[in-house]
Amino acid sequence: MKKIKLFSLLCLGLMLGSTSCSKDNDDDNDNQNNNKVVNNPTDEDDKEETAKYRYFGAELFSNETFTYGKFEAKMKMAYAPGCISSMFLYYNDSYKGNGEIWNEIDIEVIGKEPNGFQSNIITGKKESQVTTEKIHKIDSPVADNFHIYTVEWTPDYVAWFLDGKEIRRSDASNDTKKQVAALVKPQSLRFNIWSSASTAWVGTLSQKYIPITQEIDYIKVYDYNEDGTFTEKWTDDFDSFNSSRWGRGNWQMENVIERPNNVVVEDGILKLKLTKELK
């Protein structure tokens with residue numbers, strides 16, 4: 001994932017701590033990502049210390065792909081400057097370029113915004129991506145509590161929800177960038193934690209905030225029905241790791257290497273860990 005745009009928000013009373021946001025239908029007033037970077041290290045000693053380590057992230061991905069559906073996860077997202085904690089849908093061949101189309105729908109907690117998350121649709125191609133990032137703020141740090149994050153993807157719209165409250169919708173009928181119509185490829189469901197080299201997007205990585213962990217209590221997947229409803233397909237409560245359903249990432253992701261051992265199930269919670277080791 002790369003840059004992503006989100007939406008404004010309605011007042012919400014949420015299950016696990018009070019959050020507030022306001023719903024925003026997509027338009028051309030895209031968020032310009034001008035939030036101030038917080039907690040960024042500036043002293044040379046910290047930069048030198050950070051450079052002494054190698055960093056390892058984690059990615060969970062579904063072996064199955066989906067064309068439309070509802071995707072829900074109860075998670076305690078992770079936060080640290082320079083890092084990303086996410087849930088997203090992704091067409092597996094998007095990265096190839098050479099004319100291959102890019103399809104992606106994102107929820108991401110980014111290292112510039114501890115009290116919120118970013119939503120985005122990415123279409124176009126690797127060489128010429130089309131994005132619509134929007135930032136959604138809540139009242140408490142996302143890393144403090146579990147929240148329920150949901151994406152609905154249909155032929156007519158993409159919508160994002162927090163704790164059951166809709167906070168952004170992109171309708172095909174008024175989608176000026178034609179992104180909903182461009183989401184034509186089957187996508188895998190993915191969750192990852194990593195560090196981006198784009199400090200303008202997420203801030204500067206500092207070793208003093210690492211390790212961090214993204215926790216997933218459960219994941220639910222629903223089929224999309226032609227009448228516009230959804231039917232539950234399966235739920236994973238993570239009593240164990242289901243290797244027929246899930247894979248673990250093992251590739252370079254900018255500042256980190258995604259390491260399979262950083263995806264673990266402990267006491268009914270799936271954990272994605274971002275860790276460090278001395279070089």
Side-chain angles (χ1 to χ4, degrees), residues 1-4 33-61 75-88 90 94-95 97 104 106-118 120 122 126 129 133 135 140-146 190-216 238 241 246-267 269-279:
M1 293 171 301
K2 231 14 182 168
K3 302 174 182 174
I4 21 191
N33 289 331
N34 53 7
N35 298 296
K36 290 184 178 180
V37 177
V38 295
N39 295 330
N40 274 342
T42 56
D43 61 281
E44 291 303 315
D45 288 344
D46 188 64
K47 291 179 181 178
E48 290 177 8
E49 190 67 22
T50 297
K52 293 178 182 178
Y53 291 89
R54 291 191 301 266
Y55 298 90
F56 299 92
E59 183 157 336
L60 177 77
F61 60 90
M75 299 184 289
K76 183 186 290 185
M77 301 290 255
Y79 166 79
C83 299
I84 301 96
S85 176
S86 78
M87 166 184 176
F88 62 110
Y90 176 75
S94 294
Y95 74 96
E104 184 174 338
D106 296 330
I107 292 173
E108 293 185 315
V109 171
I110 61 174
K112 289 173 66 173
E113 184 50 72
N115 285 56
F117 64 95
Q118 183 172 279
N120 194 25
I122 306 177
K126 180 179 180 180
Q129 292 182 347
E133 304 103 317
I135 296 290
S140 59
V142 291
D144 284 358
N145 297 299
F146 280 91
R190 293 172 177 255
F191 303 79
N192 69 7
I193 187 168
W194 57 290
S195 172
S196 174
S198 175
T199 57
W201 177 35
V202 298
T204 302
L205 177 66
S206 173
Q207 57 80 29
K208 63 186 176 184
Y209 297 109
I210 308 302
I212 55 173
T213 301
Q214 176 178 337
E215 300 183 19
I216 305 175
F238 296 110
F241 187 85
W246 302 108
R248 298 175 169 102
N250 63 349
W251 44 77
Q252 186 79 36
M253 195 77 167
E254 298 195 20
N255 290 337
V256 308
I257 298 173
E258 304 281 38
R259 186 159 65 179
N261 288 346
N262 279 16
V263 180
V264 298
V265 172
E266 297 174 351
D267 300 322
I269 300 290
L270 185 132
K271 297 182 179 180
L272 303 177
K273 300 183 178 184
L274 198 159
T275 57
K276 63 184 179 183
E277 294 179 3
L278 285 170
K279 294 179 179 177

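All values below were derived from every heavy atom in this structure, side-chain atoms included, with hydrogens, water molecules and symmetry-related copies excluded.
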Exam field: side chain Ser196 to backbone Ser198, donor-acceptor pair closer than 3.5 Å: yes
Decide side chain to side chain contact (heavy atoms under 4.5 Å, CB included) for Ile216 and Phe238; before the verdict, give the C-alpha distance in whole Å, the side-chain angles of both, and the deciding distance to 0.1 Å. CA-CA 8 Å; Ile216 305 175; Phe238 296 110; 3.9 Å; yes
On the six-membered ring of Tyr55, is Lys276 placed so that its NZ or CZ lies under 6.0 angstrom from the centre and within 45° of the ring axis? no
Return each pair, listed once, that meets salt bridge (Lys or Arg N to Asp or Glu O under 4.0 Å) where at least one residue sits in residues 255-265; pairs must be two or more places apart or across chains. Arg259-Glu277
Any side-chain heavy-atom pair from Ile84 and Trp194 closer than 4.5 angstrom? yes
How many angstroms lie between CG in Asn115 and OH in Tyr79, if you round to the nearest 0.5 Å? 9.0 Å
Could you tell me whether the side chain of Glu44 and the main chain of Glu48 form a donor-acceptor pair under 3.5 Å? no
Once rounded to the nearest 0.5 Å, what's the spacing between atom CZ of Arg54 and atom CG of Asn255? 14.5 Å
Evaluate the salt bridge (charged side-chain N to carboxylate O under 4.0 Å, His left out) criterion for residues Glu215 and Lys273: first the C-alpha distance (whole Å), next the side-chain angles of each, then the deciding distance (0.1 Å), finally the verdict. CA-CA 9 Å; Glu215 300 183 19; Lys273 300 183 178 184; over 6 Å; no
Side-chain heavy atoms of Leu205 within contact of Ile210, under 4.5 Å: yes
If you round to the nearest 0.5 Å, how far is NZ of Lys112 from SG of Cys83? 14.5 Å
From OG (Ser195) to CD (Glu254), nearest 0.5 Å: 8.0 Å
So, taking the atom named CG in Leu270 and the one named CG in Leu272, what distance separates them when rounded to the nearest 0.5 Å? 5.5 Å
Are Arg190 and Glu59 ion-paired here, with the side-chain N under 4.0 Å from a carboxylate O? yes
Does Ala51 offer a backbone N or O that forms a donor-acceptor pair with the side chain of Lys279 under 3.5 Å? yes
Could you label the plane-to-plane angle of the Trp246 and Phe191 rings as parallel, tilted or perpendicular, counting under 30° as parallel and over 60° as perpendicular? perpendicular
Hey, what do you get for OG (Ser86) to CG (Asp106), rounding to the nearest 0.5 Å? 7.0 Å
